[in-house]
Amino acid sequence: MIENNRYVLKRSSAAPVSPRFTIDYEKDLNPAQYAAATVSDGPVLVIAGAGSGKTRTLVYRVARLIESGLPPQHLLLLTFTRKAAQEMLNRAGLLLGTACDRVAGGTFHSFANTVLRRHGAAIGLDLAFTILDRTDAEDIIQLLRNARGYGEREKRFPRKNTLGEIFSASANKSTGLEEIVFGEYPHFSEHLEDIRQLEKAYTAYKQQRFLVDYDDLLLKLKELLETHREIREQLSEAYRAVLVDEYQDTNKIQACVVRLLCAVHENIMAVGDDAQSIYSFRGANFKNIMDFPKEFPKARIFKLEENYRSTQPILNLTNEIINRAKEKYPKHLFSRKEAGRRPVLVQAEDENRQSRFVCQKVLDLREEGVPLEQIAVLFRSSHHSFDLEIELGKHGLPFVKRGGFKFIETAHVKDVLAHLRVLLNPRDAVSWNRLLLLIEGVGPKRSQAVIAALAKETDWLKMLKVQAEQKAGGPALKEVTRLFEDLLSAPRIPSEQLRRIYDYYTPLVSQRFDDYPKRIKDLEHLYAITERYLKLDEFLSDITLEPPNESVTEIEPTGREDEKLVLSTVHSAKGLEWHTVFIIWALDGKFPSLYSFDTDDELEEERRLLYVAATRAQKGLYITYPVNVYDKAMGTVLSKPTRFLDGIPRSLYETWSLIEEDM
DNA sequence: AACAAGTTGTTTTTT
DNA sequence: ACAACTTGTT
């Protein structure tokens, strides 16, 4: 549960109220972990192999710092995902009791949000700013693109999502637009000047309307820290020890922010694994972790190489996969869990055979007593699981899907949120546009006219009433006006406001979407989330920065609630582990993806991705691929298993072929 | 100017 | 299979 953008422990009754009398660091940790957890002040880098007890080490580090007298609120824990932060604080809570309740932490983005809401005024930011997600950003880009007539040209102009990617890549990699366009989109080189103009317009648009996208959060935090010494020192004082998890996934801006935060004390512990860097498309650079010792010359380096997760046969294979990588901190993972089955490479005749194999095997495992939630199916892209999802449905196997489209990104949820967002930031033209277009008789032209009129008047509700008097879109606009009158009349909590919006919006959903029952159910889910919040701004920030990571597709279980098979993209599986893991679509051209064939760097990242997937397994690992898959984009038939198994001794895994099997 | 139906192009991964 | 763009109708 999140309150005030700070992670607050859910207090289980089992958790001790006060710190455990003594923590036996030496007994609980292996020598390498012990050394890292108890090291004295100063910069520290921990290279932690997959499953090597990284979280455990961090937790004990936190414990040690608090024990040695550092008040918990002076500790800042930056992690990549909310889940990781929660996991860590929960475990620290078990060890230390409520003392770590006040440890500050979260993702870089949520931390940036907290700081900017407080100090943003120093760099001219209105504190009521709205955070744009990717689709919101693209909506604006589209608007500007059309307004400037870039759409209708003889020569093809990049689409909104391409433009969004270009802008974001430029921001995250700290490189000029020029380099991005020439390097990654050479076919759009001739439009460079227009692209540049468009980015300027986009920036200006956001500025005027108090809008901030994901990249801006980081950039503005960096700007704030760089340009305001007193704030930098204040924060450095407030957070006297900084711990960064998954350091291999940070980009230049984030590394810079860390540097600035620690400028005074250099009490920084970075933990990560270069072999698990899988976010370079977002500007993350695993060289960051390689360069850490250069950034902090006094850094001490620790390596955790003993793996507590997987059996040796699984590690033998994963070690081979990663040892073929080009650049890395050399390490060799070993396990004391000698016994175990070798991983299996399974060839299936086609996609459906692959799905049926997985179902069959999952049923077998359940028979053997492996709980469903201890089994995961991992894949490169979220659509790779579609066929399997249908097959699981047929077998009555319940599952949750992680990664891919989130329900927060669906049209109906975004529609509802737009109504809430304008309450907080009436200048949020994206949300106005979205909600106005829902109204019958209002199209793009009328919507823009209304938005322009609202911007002129400080009392926008009054202006909205005036607009509702006019002929076009009259009656329906009046209804919206009444809605906003109600929403503003009495100060209410988010859930009540949402209920009022549903009164207005529910008829619209039924009208607009054939699958409205499902969508109305989603909205009830959203309502349940708002009930946890007392302040609208916190709800909106959280929902954009840390949306529930579960997708819409969810089969209702016949039995127990929590007994569910996990389907996940490899990216979303990071940091997690299961008894048995299936990696499906391990087909060359799918995993690695065809789009990564262009450059060595991208291929190397795909390799690390497979490595991350395979190292999630504790006891069982099945790598499956269908053959004779025709790929439209390439015009070729794909039949070979992933190239990352090439050259690996065949003795390290079993090979099965399903062609003979009848199911 | 808004809306509905038909056509064409495109396809990862996430904060 | 889906979304963005285009064309035709009210």
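Per chain, numbering begins at 1; letters A, B, ... match sequence-line order.
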Do A:Lys401's NZ or CZ and the ring of A:Phe399 fall within the cation-pi criteria of under 6.0 Å and 45°? no

For B:dT11, give the paired nucleotide (Watson-Crick: N1-N3 plus N6-O4 or O6-N4; G-U: N1-O2 and O6-N3; both under 3.5 Å), or none. none

A:Arg159 side-chain N/O to C:dC5 phosphate OP1/OP2 under 4.0 Å: yes

Whole-Å gap separating P (B:dT14) and CG (A:Leu132): 20 Å

Rounded to whole angstrom, note down the P distance from B:dT13 over to C:dA4. 15 Å

Could you check how far CD1 of A:Ile408 sits from P of B:dT14, rounded to whole Å? 15 Å

Would you check if the distance from the ring center of A:Tyr279 to the ring center of A:Phe281 is below 6.0 Å? yes

Spacing between A:Leu218 atom CG and B:dT14 atom C1', to the nearest angstrom: 13 Å

Tell me: CD of A:Gln142 to P of C:dA3, nearest whole Å? 15 Å

OP1 or OP2 of B:dT11 versus the side-chain N and O atoms of A:Ser381: is any pair under 4.0 Å? no

Stacking check A:Tyr279 vs B:dT14 (5.5 Å / 30 deg): no

Using heavy-atom distances to pick each residue's nearest nucleotide on DNA chain B, tell me which of A:Arg282 and A:Thr162 is more 5'. A:Thr162

Relative to the 5' end of DNA chain B, which residue comes earlier, A:Glu602 or A:Ser447, by the nucleotide with the nearest heavy atom? A:Ser447

According to a strict under-4.0 Å criterion, is A:Ser572 in side-chain N/O contact with OP1 or OP2 of B:dT13? no

Is any side-chain nitrogen or oxygen of A:Lys445 closer than 4.0 Å to OP1 or OP2 of B:dA2? no

Does any non-hydrogen side-chain atom of A:Phe167 lie less than 4.5 Å from one of A:Ile180? no

A:Arg402 side chain near B:dT14 phosphate (N/O to OP1/OP2, under 4.0 Å): no

Could you tell me the separation between the NZ atom of A:Lys160 and the P atom of B:dT11, rounded to a whole number of Å? 13 Å

B:dT13 C1' sits how many Å from A:Leu378 CG, rounded? 13 Å

Any side-chain N or O of A:Ser110 below 4.0 angstrom from OP1/OP2 of B:dT15? no

Could you tell me the separation between the CZ atom of A:Arg608 and the P atom of B:dT13, rounded to a whole number of Å? 18 Å

Is it the case that A:Arg607 places NZ or CZ above or below the six-membered ring of A:Phe644, under 6.0 angstrom from the centre and within 45 degrees of the axis? no

In whole Å, I'd like the distance from the NE2 atom of A:His109 to the P atom of B:dT15. 9 Å

Give one of base, sugar-phosphate or nothing for A:Thr544, where a contact means two heavy atoms less than 4.0 Å apart. nothing

Any side-chain donor-acceptor pair under 3.5 Å between A:Ser541 and A:Arg117? yes

Per A:Arg446 side chain, nearest of listed nucleotides C:dC5, B:dA2, B:dT14: B:dA2

Spell out, as yes or no, whether a donor-acceptor pair under 3.5 Å connects the side chain of A:Thr544 to the backbone of A:Asp133. no

